[in-house]
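Small disclaimer: the values here were computed from a predicted structure and weren't measured. Chain letters run A, B, ... following the sequence lines, proteins first and then strands; every chain starts at 1.
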Amino acid sequence: MKLQESILIGLAACLLGAPLMARAYEGDWKRGNVYYRMVCTECHTSQAGGAIGPNTRTRAEWTAYLQADKHAKGKDSLRSYVGKPYRASIASTNKAAAKFADVPDEELYEDLKAFVARSAKDGDAPTGCR
Amino acid sequence: MAHQYQGAWFVRCRGSAGGFFNLLLGMAWLFHAAAAGAASTADHSKFQQLQQEFKSGQELTRACLACHTEASKQVMKTKHWTWEALNPDTNQKLGKKTLVNNFCIGIPSNQPYCTSCHVGYGWKDNSFDFTAEENVDCLACHDTTGTYRKPSGLAGHPVYKEMEFPPGSGEIVRPVNLQKVAQKVGKTSRYNCVACHSYGGGGDGVKHGDLDSSLEAPDMDVDVHMDATGLDFNCATCHATTGHEVPGSRYAPVAKDRSSPLLRGMLGKRNPATCESCHGGQPHKADTMARIKPLPGHTAVSMAAMVNRHGEKLACQTCHIPAMSRGGVPTKMVWDWSAAGKRGPDGKPVVEKDAKGHTVYDSKKGAFVLGENVIPEYVWFNGEVKYTLLGDKIRKGSGYVPINRFGGSPNDGKSRIWPVKVFRGVQPYDPVNETLVVPHIYGTDPAAYGVSFNWEKAVVAGMADAGAPFSGKVDFIKTEMLWPLTHMVAPRAGTVACNECHSKSGGFSEGRMKNVPGLKKGPLFKPTP
């Protein structure tokens with residue numbers, strides 16, 4: 001009987017936990033679009049010599065780039081440009097950074113991932129810079 | 001008592017393994033519900049009807065209609081479905097099904113290509129069943145994943161099997177996951193609207209001049225209402241929709257609305273998409289005018305009164321939309337079909353692009369002139385629009401034949417000066433019957449112009465499909481079409497300045513209004529009592 005209860009309790013824990021795990025944050029490509037356009041593209045256009053359209057790379061290339069987390073040919077971390085400290089540093093001049101100031105770093109990173117995956121050269125809706 | 005109750009509840013449940021599991025499943029479901037988005041009261045991923053693979057759009061629509069029993073009936077009454085509209089003022093039967101324009105010209109014989117923007121599945125020819133509810137496409141407007149697309153040439157269907165698109169391009173398009181899209185349906189967003197309304201005429205920004213893909217996530221300078229980091233309006237914020245009927249059609253536009261703001265519950269038959277429906281007829285207030293330097297002799301109060309009086313003769317858009325295509329996407333200004341047919345040295349059709357990569361020549365379509373940040377033209381407009389329809393007599397001369405005419409004059413009391421995009425073209429017509437024609441442009445059959453490069457063949461096929469007479473002869477005629485501008489509203493700082501219309505001499509001969517008749521010369525800086 002005790003064994004049966006233990007099994008049931010274990011199963012209960014699994015069943016209750018599973019939905020939460022299954023509900024891991026799924027990137028919001030629309031929010032990713034706004035951040036990409038108004039933060040990434042804005043800065044690249046004004047300071048890095050030109051914008052990089054999401055459709056200039058394939059999904060695999062974007063995935064590799066985002067996983068590598070190397071910005072400016074490895075000079076710094078890509079994630080740092082999505083993190084709260086960076087957003088706070090530009091919030092006074094960048095409305096997107098201000099609007100998303102409190103979004104958790106991981107969520108915003110997932111948003112960007114979802115957007116570039118959708119908008120890549122071989123994505124469901126290839127998108128250029130605008 | 002609560003403790004006792006919980007204990008009894010636990011004991012009762014653990015009395016059988018099945019009951020206990022049911023309990024756990026119930027709790028798990030509650031956790032699911034809690035984790036779902038808070039904005040909607042329904043999580044479609046839990047719907048039994050959507051736990052299956054869908055092989056076609058129609059199959060999915062049947063699942064939608066199992067719950068949304070009236071949705072298709074509502075959609076079928078709308079212009080989005082019928083592509084027909086009756087103008088009550090002129091009794092002209094309009095709509096995409098009927099009209100001829102100077103972009104892609106007309107849909108007869110070209111249906112599989114045009115109907116990628118129809119809210120339906122399978123409109124490939126005149127046999128399409130407009131009464132079959134399963135043909136309604138729910139996803140075109142309710143997809144939230146951004147993965148649902150209907151490529152041109154598939155008669156309104158998405159891609160069900162991996163295919164090369166465009167044919168011969170080497171580009172492979174993956175099939176859409178209809179189950180995933182169905183489980184994530186939601187309220188219409190501007191991405192849904194933009195997917196069609198910004199791509200009319202064959203590409204991004206081509207047609208309207210004030211609608212293009214920059215409106216997916218615009219900044220304030222592009223559109224103060226849709227500013228993605230500001231007000232963040234959806235299209236439906238203004239085009240407030242009831243029962244799938246979207247108000248605010250250019251087939252029956254409102255040129256002058258000087259009413260009070262439209263309060264909730266007072267919709268009636270009034271168009272909720274006018275500026276005045278929110279801002280009212282006297283939108284400029286002394287407190288906002290106080291932020292700018294008053295003209296000599298004026299106070300903030302008299303400035304506000306003076307600018308409000310402009311609203312009697314000027315549409316709000318005239319000052320608040322200083323230029324079209326301001327989001328980095330060019331709009332097409334001229335389309336010359338008569339230039340089509342050129343071949344490259346290898347005898348094959350050619351496509352030429354400008355420095356920014358935009359197509360300016362295509363053997364299958366002709367030559368284009370594009371424009372960005374284009375200052376509009378201005379016309380008196382009282383809301384009456386009359387179209388030149390297939391069968392209407394036209395005469396070739398030195399000027400442009402109007403595809404549509406805007407009614408209006410300085411003195412009719414109903415007109416205001418509106419900013420318009422004037423789209424000019426050179427298109428095929430029948431010089432014997434003196435009518436516009438619809439050519440069969442798109443397709444892979446021998447009659448399609450893109451295959452035969454033979455206008456006579458293409459027009460024979462197009463006019464036969466339209467059921468309209470054709471003499472067999474083709475010539476080209478210059479046409480122009482007016483498009484009222486109403487989107488891409490600039491913030492206050494970007495509005496048209498006084499001296500862009502009023503010259504120093506007080507006249508209108510030099511500025512934006514130089515071609516608008518009936519404007520009286522008067523001093524610019526006349527103080528208002």
Could you tell me whether B/E171 and A/K121 make a salt bridge, using a distance below 4.0 angstrom between a side-chain N and a carboxylate O? no
Contact class of B/Y191 relative to chain A, heavy atoms under 4.5 angstrom: side chain
When you look at A/K95 and B/D227, which way does the side chain to side chain contact (heavy atoms under 4.5 Å, CB included) test go after all the steps? CA-CA 10 Å; A/K95 287 169 60 185; B/D227 174 12; 2.4 Å; yes
Would you mind checking which part of B/D232 comes under 4.5 Å of any heavy atom in chain A, side chain (CB onward), backbone (N, CA, C, O), both or neither? side chain
Can any side-chain N or O of B/R174 pair as donor or acceptor with the backbone N or O of A/D122 at less than 3.5 Å? yes
Heavy atoms under 4.5 Å from chain A: which residues of residues 139-147 of chain B carry them? B/T144, B/T145, B/G146, B/T147
Between A/V34 and B/A228, what is the shortest heavy-atom contact and its length? CG2-CB, 3.8 Å
Taking the side chain as every heavy atom from C-beta outward, state whether B/R190 and A/K30 have any pair of such atoms under 4.5 Å apart. no
Considering only residues two or more places apart or on different chains, which pairs with a residue in residues 68-78 of chain A satisfy side-chain hydrogen bond (donor to acceptor under 3.5 Å, both in side chains)? A/D69-A/S77, A/H71-A/D76, A/D76-A/Y81
For A/K99, is the NZ atom crowded, meaning more than 12 foreign heavy atoms sit under 6.0 Å from it? yes
Closest heavy-atom contact between A/N33 and B/E216? ND2-OE1, 4.0 Å
If you take all heavy atoms of B/R149 and A/P126, which pair is closest and at what distance? NH1-CD, 3.7 Å
